[in-house]
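Below you'll find the structure I mean.
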Amino acid sequence: VFALIVFACLVGDGYTSRPEDPRLFCVFNHNEDACRYGIGIGVLAFLACIFFFMVDVYFPQISNTTDRKYLVLADLGFSGLWTFLWFIGFCFLTNQWSWTRAEDVYIGADSARAAITFSFFSIFSWVSEPPYPL
């Protein structure tokens, strides 16, 4: 859910333009990489959640213990990696937001703050994911 909120905030109001210039720019200090990073990890996290949800559904039907072990290790490894990536994303977005001038942001300030907040919450949601029962 947090990944969708970050993705939606950045896609919806993460890009804005000045009244005199119709070109869009990222609200995070005009750094396109900040918006792309947030959108990228948000989309990939959502897709990974769907995949691991499907694995959760079919996990009791997997009788091979080796396959179960590899699924558990993949889930734990991915959760660890994604916790780290969300931490990097939070730090990156916060840093870029701190350098953003107030006059450059007309509409997207609340969405930018929401993206930062929910990227912070995502760190804890990925770290606290319970492992599968073996």
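Everything numeric in this text was worked out from a predicted model, so none of it was measured.
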Would you say V1 ends up clustered with I39 if hydrophobic residues are merged whenever their side chains have heavy atoms under 4.5 Å apart, either directly or through other cluster members?
yes

Is there a continuous path of hydrophobic side-chain contacts, each under 4.5 Å between heavy atoms, that joins L24 to L10?
yes

Say you draw a straight line from OG of S125 to CH2 of W86; how long is it, rounded to the nearest 0.5 Å?
8.0 Å

Rounded to the nearest 0.5 angstrom, the CG-OG1 distance for L71 and T66 is 11.0 Å

Co-membership, hydrophobic cluster, residues Y58 and Y70, 4.5 Å side-chain:
no

Approximate separation, where rounding is to 0.5 Å, of Y37 OH and C26 SG
14.5 Å

Quick check for you: to the nearest 0.5 Å, what is the distance between F51 atom CZ and F78 atom CZ?
9.5 Å

Atom of N29, atom of T100 and distance for their closest heavy-atom approach:
N-OG1, 2.8 Å

Using atom types as modelled and distance alone, determine if a side-chain donor or acceptor of E32 lies under 3.5 Å from a backbone N or O of F25.
no

For C35 against G14, the heavy-atom pair lying closest together:
SG-O, 3.6 Å

Excluding sequence neighbours, so at least two apart, what forms side-chain contact (heavy atoms from CB on, under 4.5 Å) with T94?
F90, I116

State, to 0.1 Å, how close G42 and A3 come at their nearest heavy-atom pair, and which atoms those are.
O-CB, 3.5 Å

Any chain of hydrophobic side-chain contacts (each under 4.5 Å) joining I88 to L93?
yes

N31 side, atom CG; W99 side, atom CH2 - distance, nearest 0.5 Å
13.0 Å

For this output row, return yes or no: ring centroids of F84 and F87 closer than 6.0 angstrom.
no

Considering all heavy atoms, the nearest R23-S17 contact:
O-CB, 3.2 Å

Tell me if the CG atom of L47 is crowded by more than 12 foreign heavy atoms within 6.0 Å.
yes

Is there a path of hydrophobic side-chain contacts, each under 4.5 Å between heavy atoms of I, L, V, M, F, W or Y residues, that connects F124 with L81?
yes

Search all heavy atoms of S111 against all heavy atoms of D13 and return the closest pair with its distance.
OG-OD2, 3.1 Å

Rounded to the nearest 0.5 Å, how far apart are CH2 of W97 and CZ of F92?
14.5 Å

Looking only at heavy atoms, the pair that brings A74 and F52 closest together is O-CZ, 4.1 Å

